[in-house]
Amino acid sequence: MKKIFVLLIGLAAAGQVFAQAVTNAVVCAGPASAGNGNLVPGGTSFVRTDILPKCSANVFMNYSQTDNGFAVAANSRKGKYIFTGNTGGGAVGPNGGVCAASQCDAAQLATPLATALAAAT
């Protein structure tokens, strides 16, 4: 019984080491962010230096990061594809799928973004 208890404590401690905080944020919010988008702040996670992107009034773009990886997902109100990219060696491309009813909006970025982040780490 004592060995099982020690094993469970060890597994719980190991799980805490591998669990990472995930930061998700909106960079471009379509018409609301024409010109400069929202700042991607540098810090102690993957991005270390501030990034201030330029945004079109038609683009929705979100990013997600952990200590070990960064991913981005974007689409356009005038397009039908979701583009993703990450730091796991994958190129940016229309690999996030097709927007529902060929009409893109910001809500359709969550799942492709999570998939891209998982591939990055």
Side-chain angles (χ1 to χ4, degrees):
M1 184 68 158
K2 190 176 186 182
K3 290 179 184 178
I4 293 173
F5 183 69
V6 170
L7 177 65
L8 290 175
I9 289 176
L11 289 175
Q16 295 299 320
V17 170
F18 294 112
Q20 295 186 39
V22 176
T23 303
N24 296 304
V26 174
V27 177
C28 299
S33 61
N36 285 336
N38 296 321
L39 179 72
V40 178
T44 58
S45 290
F46 193 85
V47 174
R48 300 293 177 139
T49 305
D50 292 351
I51 302 169
L52 183 60
K54 298 288 185 184
C55 297
S56 164
N58 294 316
V59 173
F60 300 103
M61 183 170 67
N62 296 350
Y63 79 90
S64 188
Q65 70 175 327
T66 64
D67 290 344
N68 298 324
F70 186 88
V72 64
N75 59 21
S76 172
R77 292 188 312 160
K78 293 184 176 186
K80 70 175 189 174
Y81 294 104
I82 299 170
F83 290 81
T84 62
N86 63 54
T87 57
V92 174
N95 42 15
V98 177
C99 295
S102 295
Q103 182 69 30
C104 294
D105 59 39
Q108 297 172 11
L109 296 177
T111 300
L113 182 59
T115 302
L117 184 64
T121 53

Practice task
Indicate yes or no: at least one non-hydrogen side-chain atom of Y81 is less than 4.5 angstrom from one of V98.
Solution key: yes
Exercise for the section: State, with a plain yes or no, whether a side-chain heavy atom of T23 is found less than 4.5 Å away from one of Y63. Expected result: yes
Handout entry: V59 reachable from V27 in the ILVMFWY side-chain graph, under 4.5 Å edges
Key = yes
Handout entry: Heavy-atom side-chain contact between V22 and Q65 under 4.5 Å
Key = no
Completion exercise
In terms of heavy-atom contacts, A116 and N86 come closest through O-ND2, 3.2 Å
Fill in the blank from the handout: Minimal heavy-atom distance between D50 and L39, with the atoms involved, is CB-CD1, 3.8 Å
Problem - Connected via hydrophobic side-chain network under 4.5 Å: L52 and V47 - result: no
Problem - Side-chain heavy-atom pair N62, N24 within 4.5 angstrom cut-off - result: no
Practice task
Would you mind listing every disulfide (SG to SG under 2.5 Å) that reaches into residues 35-67, with sequence neighbours excluded?
Solution key: C28-C55
Practice task
Group every Ile, Leu, Val, Met, Phe, Trp and Tyr by side-chain heavy-atom contacts under 4.5 Å, then state whether V40 and V72 land in the same group.
Solution key: yes
Exercise for the section: Following the transitive rule for hydrophobic clusters with a side-chain heavy-atom cut-off under 4.5 Å over Ile, Leu, Val, Met, Phe, Trp and Tyr, establish whether M61 and F46 coincide in one cluster. Expected result: yes
Practice task
For the residue pair I82 and C99, establish whether any side-chain heavy-atom pair is separated by less than 4.5 Å.
Solution key: yes
Completion exercise
Taken to the nearest 0.5 Å, the spacing of Q103 CD from K80 NZ works out to 12.5 Å
Practice task
Would you check, one step at a time, whether the test side-chain hydrogen bond (donor to acceptor under 3.5 Å, both in side chains) holds for S76 with N58?
Solution key: CA-CA 5 Å; S76 172; N58 294 316; 5.3 Å; no
Exercise for the section: Answer yes or no: is there a donor N or O on one side and an acceptor on the other, between the side chain of N75 and the main chain of D105, under 3.5 Å? Expected result: yes
Practice task
Please tell me if the side chains of T115 and T84 come closer than 4.5 Å, counting only heavy atoms from C-beta onward.
Solution key: no
Problem - Co-membership, hydrophobic cluster, residues F70 and L113, 4.5 Å side-chain - result: no
Completion exercise
Note: L117 and S64 closest approach over all heavy atoms is CD2-OG, 3.1 Å
